[in-house]
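When a residue number appears, it is its place in the shown sequence, counting from 1.
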Amino acid sequence: MAKSKTVIVTGASQGIGEGVVRSFLERGYNVVATSRTISRRDAFKPSAQLKLIDGDIGQEATAKKVAETAVEAFGSIDALVNNAGIFFAKPFVDYTAEDFKALVSTNLDGFIFISQYAVRQMLKQQSGGSIVSVTASLASHPIAGLTASIPMITKGGIDTISKSLALEYAQQGIRVNTVAPGIVDTPLNKDNPKDFLKTLSPMGHISSVQEIADAVLYLTEAKSVTGEVLHVDGGAHVGKW
């Protein structure tokens, strides 16, 4: 019987992250799920197939603990889903230095540290691997009525570094891709009017968490796909509507 593969999921306690964890568990993966307070939330209980790690993924110590837990508990790191992220929209001139530091810490440091640990382990295993990061359609197709310039520095940066890493590690079989959602029905949007949110997609569609999780799962298992930005945004990245 083939050994179950192990995936790390960051930002895993709610919304897209929670959906991604559930999808991987259903597919028979071992999962190490992390967020600041995941063990104190009701979404998951630890099991033989699921380990929960509390911590700020923007801190290298958290990334180290997550990676070590995966190897100690399950023997490998076969896939990583960088889902942890923060987002808030403001006019450009209203973003503060503290806003920028917070965005960089979670969105960029939170990508870099855990991705480094995952790649090191994948190289050691010599059996390839997958990194999928959740970014945003807004990074490549801004919308005038949704001012999010500073958060999009970080999301667009992850799209860019993922393409670089896809080439850097192609020969070792490590694939690096991103999923770029548009508007998703998550707690982040719970207070925003649905009628307005639907206007932010040419299809007039608010994506479900499961639709994003399905895209993540596809890229994780798509053996010939690397360096890809998969837009799940109802066509918003195509152009004006």
Side-chain angles (χ1 to χ4, degrees), residues 8-12 14-17 20 34-36 55-60 62-63 80-119 131-169 175-184 186-189 191-192 196-197 200-201 207 212 215-216 219 226-240:
I8 292 169
V9 182
T10 72
Q14 63 179 353
I16 293 171
V20 167
T34 182
S35 76
R36 292 173 191 267
D56 176 1
I57 199 62
Q59 301 296 317
E60 186 175 8
T62 300
L80 165 65
V81 178
N82 288 306
N83 172 69
I86 58 175
F87 172 88
F88 42 88
K90 293 183 179 183
F92 170 64
V93 295
D94 291 346
Y95 283 100
T96 65
E98 288 71 28
D99 290 339
F100 182 61
K101 288 176 183 175
L103 286 159
V104 168
S105 177
T106 299
N107 297 1
L108 293 184
D109 293 345
F111 168 91
I112 292 167
F113 298 139
I114 190 62
S115 296
Q116 287 179 321
Y117 279 106
V119 169
I131 297 174
V132 178
S133 301
V134 178
T135 60
S137 177
L138 283 173
S140 62
H141 191 82
I143 296 173
L146 188 54
T147 54
S149 56
I150 302 301
M152 288 311 109
I153 292 176
T154 63
K155 293 298 189 179
I158 293 171
D159 285 340
T160 300
I161 192 175
S162 295
K163 292 177 181 179
S164 294
L165 295 176
L167 280 181
E168 185 171 345
Y169 293 106
R175 298 177 299 101
V176 188
N177 296 287
T178 67
V179 173
I183 302 303
V184 186
T186 69
L188 186 70
N189 285 315
D191 296 325
N192 296 320
F196 165 70
L197 294 176
L200 301 177
S201 156
S207 299
I212 310 304
V216 170
L219 288 175
T226 193
E228 184 64 44
V229 179
L230 176 54
H231 292 86
V232 186
D233 62 3
H237 68 287
V238 176
K240 184 176 173 59

Exercise: identify the closest heavy-atom pair between [X] and [Y]:
{"X": "Ala180", "Y": "Ala136", "answer": "CB-C, 3.7 Å"}
{"X": "Val184", "Y": "Pro181", "answer": "CG2-CB, 3.7 Å"}
{"X": "Ala148", "Y": "Tyr95", "answer": "CA-OH, 3.6 Å"}
{"X": "Gly55", "Y": "Thr34", "answer": "O-OG1, 4.3 Å"}
{"X": "Ala118", "Y": "Leu80", "answer": "CB-CD2, 3.9 Å"}
{"X": "Gln59", "Y": "Phe113", "answer": "C-CD1, 4.1 Å"}

Taking only residues two or more places apart in sequence or in another chain, which ones pass side chain to side chain contact (heavy atoms under 4.5 Å, CB included) with Ser201?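 Testing Ser201 for side chain to side chain contact (heavy atoms under 4.5 Å, CB included), a comparison that skips the adjacent residues, returns Met203, His205.
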
How many angstroms lie between atom [atom1] of [X] and atom [atom2] of [Y], to the nearest 0.5 angstrom?
{"X": "Leu146", "Y": "Ile183", "atom1": "CG", "atom2": "CD1", "answer": "6.0 Å"}
{"X": "His141", "Y": "Lys240", "atom1": "NE2", "atom2": "NZ", "answer": "8.5 Å"}
{"X": "Asp159", "Y": "Ser164", "atom1": "CG", "atom2": "OG", "answer": "11.5 Å"}
{"X": "Ile150", "Y": "Thr96", "atom1": "CD1", "atom2": "OG1", "answer": "10.0 Å"}
{"X": "Asp233", "Y": "Ile143", "atom1": "CG", "atom2": "CD1", "answer": "8.5 Å"}
{"X": "Ile114", "Y": "Ile112", "atom1": "CD1", "atom2": "CD1", "answer": "12.5 Å"}

Could you go step by step and tell me if Asp99 and Lys90 meet the side-chain contact (heavy atoms from CB on, under 4.5 Å) rule? CA-CA 10 Å; Asp99 290 339; Lys90 293 183 179 183; 2.7 Å; yes

Would you check if [X] and [Y] make a side-chain contact, meaning some heavy-atom pair closer than 4.5 Å?
{"X": "Glu60", "Y": "Tyr117", "answer": "yes"}
{"X": "Ile161", "Y": "Phe111", "answer": "yes"}
{"X": "Val119", "Y": "Ile131", "answer": "yes"}
{"X": "Asn83", "Y": "Val20", "answer": "no"}
{"X": "Thr62", "Y": "Arg36", "answer": "no"}
{"X": "Ile212", "Y": "Ser207", "answer": "yes"}
{"X": "Leu103", "Y": "Phe88", "answer": "yes"}

I'd like to know if the side chain of [X] reaches the main chain of [Y], judged simply by a donor and an acceptor atom lying under 3.5 Å from each other, with no hydrogens or angles considered.
{"X": "Thr154", "Y": "Pro151", "result": "yes"}
{"X": "Lys155", "Y": "Val134", "result": "yes"}
{"X": "Ser137", "Y": "His231", "result": "no"}

Sequence-distant partners of Lys101, salt bridge (charged side-chain N to carboxylate O under 4.0 Å, His left out), two or more places apart: none

Show the numbers, then the answer: is there a side-chain hydrogen bond (donor to acceptor under 3.5 Å, both in side chains) between Ser115 and Asn82? CA-CA 8 Å; Ser115 296; Asn82 288 306; 3.1 Å; yes

Going by the side chain to side chain contact (heavy atoms under 4.5 Å, CB included) test, name the single residue among Val176, Thr178, Val179, Thr226 that passes it with Leu219. Val179

